[in-house]
Amino acid sequence: MPDRFYVTTAIAYANNKPGLHTLHEVIAADALARWHRMRGVPTRFLTGTDEHSVNIAMRAAEEGRSPRDFVDEQVTKFVAAEDALLIAPDRFIRTTDADHVRASQEMVRRAYANGDIYVGTYEGWYCPNEGFRNPTDVVETAAGTICPNHPDVPLQWLTERNWFFRLSAYQERLERWFEEHPGFVQPDYRRNEMLGFIRGGLEDFSISRAGAGWGIPFPIAEDGRPAVSEDGSPDPAAGTIYVWFDALINYITGAGFPDDADLFARWWPADLHVIGKDIARFHTIFWPAMLWSAGLEAPRRVWVHGWLLAQGERMSKSRGNFLDPLDFVAAFGADGARYVALREVAFDRDSDVSWDGFLRRYNADLANDFGNLVNRTVSMAGRYLGGERPAPRAAPTAPLAGAWATTLRVVEERLAGCLVHEALAALWDFVGAANRAVDAEAPWAVAKAAKAGDAAAAARLRDVLGDLLEACRLVALAAAPVMPGAAPRVLAQLGHAYPWDARGDGGPPLLDELVWGVHATEAGTLAAPTPLFPRLDVGEPGG
RNA sequence: GGCGGAGUAGCUCAGUGGUAGAGCAGGGGACUCAUAAGCCCUUGGUCGGUGGUUCGAAUCCGCCCUCCGCUACCA
């Protein structure tokens, strides 16, 4: 078991309102964080928002507001969506946070001190509204090259003096790093892509933009001295820090850099960065080099997930084919929303999702299979045996105990490999085994025999129902990182305590609790059976 | 164009030489504890096409078709 677990997600760009496609990785990271935290591993989970850039300043201006005012409101939407989904980061970081500004500037200073940044010229198509545009973002038309967002505004080919980071100096070290740490980037095919990119040769990249835009002031003047005006304020002539030396830095800010050396020593390097495939290169190539330049360690692992697709198309705000997280939670509940999102989306590749698919998954897995298993089990135990909870049989004699041992092993393995969807699939195989056990044993028939005075049947009834109640306990607990709200409700029906708090802290090591029969000798009182996941027939909002 | 991956039941996918599989969806049945759920049975596929290797190919090789990922500066 690891000694600690520091997990991060990509920070959401505060220009857009939250969508399920961007929050999916945050749900997954939250579940992985809870899995570690509940096992007793000191855990730190960081997520947040990326709030600088010309685009954001532009959006704010459109609304006649200051950028700061604009992002302050945007952030409340992300926090609200995460709250609704029971996402509980240890810190919600904003790139406008004061310590993050200090961290970014310190990283620039360190890169400078190490001789890794220099003033060069950056040139490209410049949109007066959005700043420099990627060659891939501009469109050639008969009237000339235009920016698709502002077709009437002519683009200018501009040259700008910028600071560059000497990525080229890190090629060999990066290749070596990838070879010596084959698990650094996962899944493997993403690692191969990144390694291929490195081997193709690395170019330096620009890390500043001219002028005092909406961004972190660049801390160094062209002559190498601190970029401060006479009154102590940042010198606008030095420009602003450009995206990667701003956004990526959040991962170390969130671990205490540069102000809290003890905290930083405890949490860095991160155990896991969870990111989308579109930013793999920046996290697996730029980022380690930036850290090395500053004398810091590279993260231990980067997990690259795919996209959510709707009818084959990437979900996105601009396409309009995205799901509002609040609608999602309203329809499926927080636990249901988390479960179906993590079960329907394969975490190692793109996945086509649909409202009907989520609904089918909810009804099949949660309402019919697991919810009904708990309901029928608690109902029979309560009816046939009164309120006292019967104990499960000892592992060697309980048929489900052996199946459970196998299930738990697979669940652990899949979660260690970030294959959350496969972990849930394995867990639900066990739910199926429990449901089949109910029908095989037919407790209602055994209960009749017991009532007629058959002592062996009475004993059998207690054993069978004790096993089934135990199966329900184990599934609820193993699924607790995914369904942290439902788990305590299940345990309450089973007459068990649930010692973890809403964040997953404060309980015993989860793996100790996931042993068949650990509470066999303890008395407990069953509660009235209440459906956990009502069967749903809900249409897509607006659909 | 180069490199890599994928095309298997309506849907999502597993299956790397030996008589085609799972889950969901569809159909039927027995039961009845339960959220008309669960359980059992079942319909359904010339395993992208084609040629070859082999006693035997979804599985190996050649060619073709289709789709996807990477092929540098978006937040």
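Chain identifiers are assigned alphabetically (A, B, ...) following the order of the sequence lines, protein sequences preceding nucleic acid strands; residue numbering begins at 1 within each chain. The figures here come from the full heavy-atom set of this structure, side chains too, leaving out hydrogens, waters and symmetry mates.
If you measure from atom CD1 of A:Ile198 to atom C1' of B:U71, you get 14 Å, rounded to the nearest angstrom. In this structure, the CG atom of A:Leu342 is 20 Å from the P atom of B:U12, given to the nearest Å. The interatomic distance linking A:Gln186 (CD) with B:G69 (C1') rounds to 18 Å, in whole Å. Remark: P of B:C70 and CG of A:Asp350 are 9 Å apart, rounded to the nearest angstrom. Put simply, CZ on A:Phe165 is 18 Å from P on B:C73, counting in whole angstrom units.
Taking the C1' atom of each, B:U42 and B:A9 are spaced 14 Å apart, rounded to whole Å. Using atom P as the reference point in both B:G44 and B:A20, the two lie 15 Å apart (nearest Å). Distance check on atom P: B:G49 versus B:G10 gives 14 Å, rounded to whole Å. One P atom belongs to B:G48, the other to B:U12, and the distance between them is 15 Å to the nearest Å. Comparing the C1' positions of B:C40 and B:U32 gives an interatomic distance of 14 Å, to the nearest angstrom. Of the P atoms belonging to B:A72 and B:G62, the separation is 29 Å, rounded to the nearest Å. Comparing B:U43 with B:U53, their C1' atoms are spaced 37 Å from each other, to the whole Å. Between B:A58 and B:C47, the two C1' atoms lie 4 Å apart (nearest whole Å).
B:U50: Watson-Crick or G-U partner is B:G62, with both key distances under 3.5 Å. Using the Watson-Crick or G-U wobble rule with both distances under 3.5 Å, B:C11 pairs with B:G23. Base pairing of B:G69 is made with B:C3, judged by Watson-Crick or G-U wobble geometry with both donor-acceptor distances under 3.5 Å.
Counting only heavy atoms from C-beta outward, the side chains of A:Phe205 and A:Phe286 approach each other to under 4.5 Å. Annotation: side chain of A:Ile117 is in contact with side chain of A:Ile207 (closest heavy-atom distance under 4.5 Å).
Not less than 6.0 angstrom separates the ring centroid of A:Tyr118 from the ring centroid of A:Trp163.
Ranking B:C40, B:C73, B:C13 by closeness to the A:Arg349 side chain, first place goes to B:C13. The A:Arg360 side chain lies nearest to B:A25 when the options are B:A25, B:A72, B:G38.
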>> Base contacts versus sugar-phosphate-only contacts with protein, heavy atoms under 4.0 Å: please encode nucleotides 27-36 of chain B as B, S and - from 5' to 3'.
In response: ----SSBBB-
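Nucleic acid contact class of A:Asp246 (heavy atoms, under 4.0 Å, all strands): none. Among the protein residues, A:Phe197 comes within range of the nucleic acid bases, having at least one heavy atom under 4.0 Å from a base atom. Here A:Gly201 lies in heavy-atom contact (under 4.0 Å) with a base. Residue-level contact check: A:Ile279 touches the bases, meaning some heavy atom is under 4.0 Å from a base atom.
Checking A:Leu202 against A:Glu193, the closest nucleotide of RNA chain B that is more toward the 5' end is the one next to A:Glu193. For A:Asp365 and A:Asp204, each mapped to the nucleotide of RNA chain B holding its nearest heavy atom, the one lying further toward the 5' end belongs to A:Asp365.
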>> For a ring pair (Phe, Tyr, Trp, His ring centres under 6.0 Å) check, start with the C-alpha distance between A:Tyr362 and A:Phe358, then their side-chain angles and the critical distance, and finish with the verdict.
In response: CA-CA 6 Å; A:Tyr362 173 96; A:Phe358 287 130; over 10 Å; no
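No salt bridge links A:Arg361 with A:Asp356; every basic N to acidic carboxylate O contact stays at or beyond 4.0 Å. Note on A:Asp97 versus A:Arg91: salt bridge recorded, some NZ/NE/NH1/NH2 to OD/OE distance being below 4.0 Å. Using a cut-off of 4.0 Å between Lys/Arg side-chain N and Asp/Glu carboxylate O, A:Glu51 and A:Arg68 are scored as not salt-bridged. Between A:Glu413 and A:Arg409 no salt bridge is recorded (no basic side-chain N to carboxylate O distance below 4.0 Å).
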